[in-house]
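One structure, pasted below without further comment.
The chains referred to below are lettered A, B, ... by the order of the sequence lines, with proteins before strands, and numbering in each begins at 1.
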Amino acid sequence: MFAFILRRTIQSVIVLFVMSLLVFCMINLVGDPVDMLVNPESLPDEIERVRRDFGLDQPVYSQYWHFLKGALSGDLGKSYVFGRPALALMAERFPATLELAFCALIIAVTIGLPLGIYAGLRPDGFATRIMMGMSVLGISIPTFWLGLMMIILFSVILGWLPVSGRGDIGVFLGIESSIFTMDGLRHLIMPATNLALFKIAMVMRLARAGTSEVMAQDFIRFARAQGLPRKRIIKSHLLPNILIPIVTVIGIEFGTLIAFATVTESIFSWPGLGKLVIDAIINLDRPVVVAYLLFVVALFLTLNLIVDIIYAALDPRVRLQGDDT
Amino acid sequence: MNAKDTRAAVSSPLAALSKCANALWSRPSVSISGLFVLLIAALAVLAPLVAPTNPYDLATVSILDGRLPPGQKMLDGTVALLGTDGAGRDVLSAILWGLRTSLIVAISSATIALTVGLTVGLAAAFYGGRLDAFLMRIVDIQLSFPAILVALVLLALLGKGIDKVIIALAIVQWAVYARTIRAAAMVERRKEYFEAATCLELSNGRIIWKHLLPNSVSSLIVLATLQTAHSITIEATLSFLGVGVPITEPSLGSLISNGFDFILSGAYWITFFPGIMLLATVAAINIFGDQLRTIINPRLSR
């Protein structure tokens, strides 16, 4: 088991290293960031000075070596646009993204779980058929467009919700979040729902599959034979059994939520990581783009590693299979 | 094993195709969704002929026509059925031209991805061993990241432009095809006709192209349909974010993004109608793919 974890960790570190090399070298082929750094009317020797100051006159391999040395000591370079360390910028923006993703998960579960259980209990019900028919439409709707439609409906036509930003931030138990103020919640509800939309269908499918599987089991039949009320069976026999796989999948999917947040944050001007990186890509702010990519790669590798370790712990066959590759 | 068996095995995809064709006509839902997909494709191909105006001919577009609501008459007398955008372009015409760009990007990227995926998947299945392990590890790593993120990264690295978007989407999709065709080819490898072909000492290339490929490829038909729908959405999302196709050749996504600036002033039609077209296109392809799946693999139908 230890060897398995060690090998996977080493593999992850290699992937991270290769990614950093690829990203760093390729990004140096696009555009000239010096154009973004200096005033367009500056003199040529001024431009040369800036180029030297940022080390952009060096060949790519020596720039990469410099970057790698910095990265190992926790310095991923300074943003060209903000003039501050990229890592500090990201740490500043991350809580907003985390908050958005977390609320989206809660919304996805509160809507998806009851619908999925209903569909599992009544596979041939009228409402189930409508839901399944809608789900094809659901996967076809571009979420970003739906976000715009939500703005048109709730902000422009009805005037209920604010269009953009994060709103007031409250502090509770030392955690700063918009959840703790009324204004913050009003700002949060639309982006969180938008981000939740494509996860609702997933939770629904999982809950439906789980329910139809568990309901056919003997212990449910015995509970029924005992004359337990339906509500009780669902609450204390069905729910605990279907929740375990759902929680696992949601854990894995948390990374995708953070990736998809880039789109939602751009629509609602949510001041999170995704908005930061989209602006950085458009402004050729290389250090921020590289730092964001490495962060996301590391996040996904860690999530996958954790999942693989749990699987290997539960199922020895996975471990043995891994040994001969 | 004799040659007759081998031939029978090879002709099976043809038989499957004709079975498909029969089923297409016996199931109206398939033909209806298929016809709808064809109609959308025809609209895209014929955009220059069917569109009321040419939205990119600067001589005919007038800024004075800007932001006309649907149904209003433009200066030159044409009725803007779906209104006009901020620059005075007819939204309906812009949608038809945008659909063209969206489909060109989706179809070319799917073709490239399919070719690369097929080659990699077949090579992995046929040669096995270290090559297989190596290629599949790359596929695993790539598929552990969400498609939209990979595409975003690639475009950040490659820069803007239709060709760049096509390359990015091809790189995003090849892994799915590679994994699917490999799985199908691994099953075929264990069948007797394959053994027979190997015993006849046919060349590797001939075994792969004449035997392995035709017998494994049917598994990709549905996948390619659904993937195309998926890549249309990804392209639209990227263009909406401003990292996709350039504004000079807008796709449906860039049109929606263009309308984003006007929704607060109430000019909803500039975003609304391109979105409806996008939704209709993706939904039509998805439903068609879903129906195809029930024909090819009847066990999966509910």
List the atom of Leu241(B), the atom of Thr262(A), and the distance in Å for their closest heavy-atom pair.
-> CD2-O, 4.3 Å

Would a distance-only check, ignoring hydrogens and angles, find a side-chain to backbone donor-acceptor pair under 3.5 Å from Trp145(A) to Thr237(B)?
-> no

Under 4.5 Å heavy-atom distance to chain B, tell me which part of Ile151(A) shows up: side chain, backbone, both or neither.
-> side chain

Determine whether Phe300(A) and Pro146(B) make a side-chain contact, defined as any pair of heavy atoms from C-beta on separated by less than 4.5 Å.
-> yes

Nearest-0.5 Å distance that lies between atom CD1 in Ile152(A) and atom CZ in Phe262(B) = 13.0 Å

How far apart are the closest heavy atoms of Phe145(B) and Val297(A), and which atoms are they?
-> CE2-CA, 3.8 Å

Please state whether the side chain, the backbone, both or neither of Ile267(A) comes within less than 4.5 Å of a heavy atom of chain B.
-> both

When heavy-atom pairs shorter than 4.5 Å are enumerated against chain A, which of Leu238(B), Ile141(B), Leu152(B) gives the highest number?
-> Leu152(B)

Non-hydrogen atoms of chain B under 4.5 Å away: do they reach the side chain of Val263(A), the backbone, both or neither?
-> both

Measuring heavy-atom distances to chain A, does Ile234(B) have an atom under 4.5 Å in its side chain, in its backbone, in both, or in neither?
-> neither

Let me know if Ser155(A) has heavy atoms under 4.5 Å from chain B in its side chain, its backbone, both or neither.
-> neither

Honestly, the part of Ile276(B) sitting under 4.5 Å from a heavy atom of chain A is both

For the atom pair OG1 (Thr256(A)) and CG (Leu149(B)), what is the distance rounded to the nearest 0.5 Å?
-> 10.0 Å

Euclidean distance, Met149(A) CE relative to Leu279(B) CG, rounded to 0.5 Å | 10.5 Å

Please look at Phe134(B) and chain A and tell me whether the side chain, the backbone, both or neither of the residue comes under 4.5 angstrom of a heavy atom of that chain.
-> neither

Can you list the steps and then say if Tyr268(B) with Val156(A) is a side chain to side chain contact (heavy atoms under 4.5 Å, CB included)?
-> CA-CA 10 Å; Tyr268(B) 68 89; Val156(A) 180; over 6 Å; no

After noting the C-alpha distance and the side-chain angles of Ile281(A) and Leu155(B), does the key distance pass the side chain to side chain contact (heavy atoms under 4.5 Å, CB included) rule?
-> CA-CA 9 Å; Ile281(A) 291 174; Leu155(B) 284 172; over 6 Å; no

Atom of Ser140(A), atom of Asn286(B) and distance for their closest heavy-atom approach | OG-ND2, 3.0 Å

More than 12 heavy atoms of other residues, nucleotides or ligands under 6.0 Å from CD of Glu213(A): is that the case?
-> no

Answer with side chain, backbone, both or neither: which region of Arg130(B) has an atom nearer than 4.5 Å to a non-hydrogen atom of chain A?
-> neither

Write down the atom of Ser266(A), the atom of Phe260(B), and the distance for their closest heavy-atom approach.
-> O-CE2, 4.3 Å

Near Phe254(A) CZ, under 6.0 Å, is it more than 12 heavy atoms from other residues, nucleotides or ligands?
-> yes

So, the part of Ala283(B) with a heavy atom under 4.5 Å from chain A: the answer is both

Under a 4.5 Å heavy-atom cut-off, does chain B meet the side chain of Ile278(A), its backbone, both or neither?
-> side chain

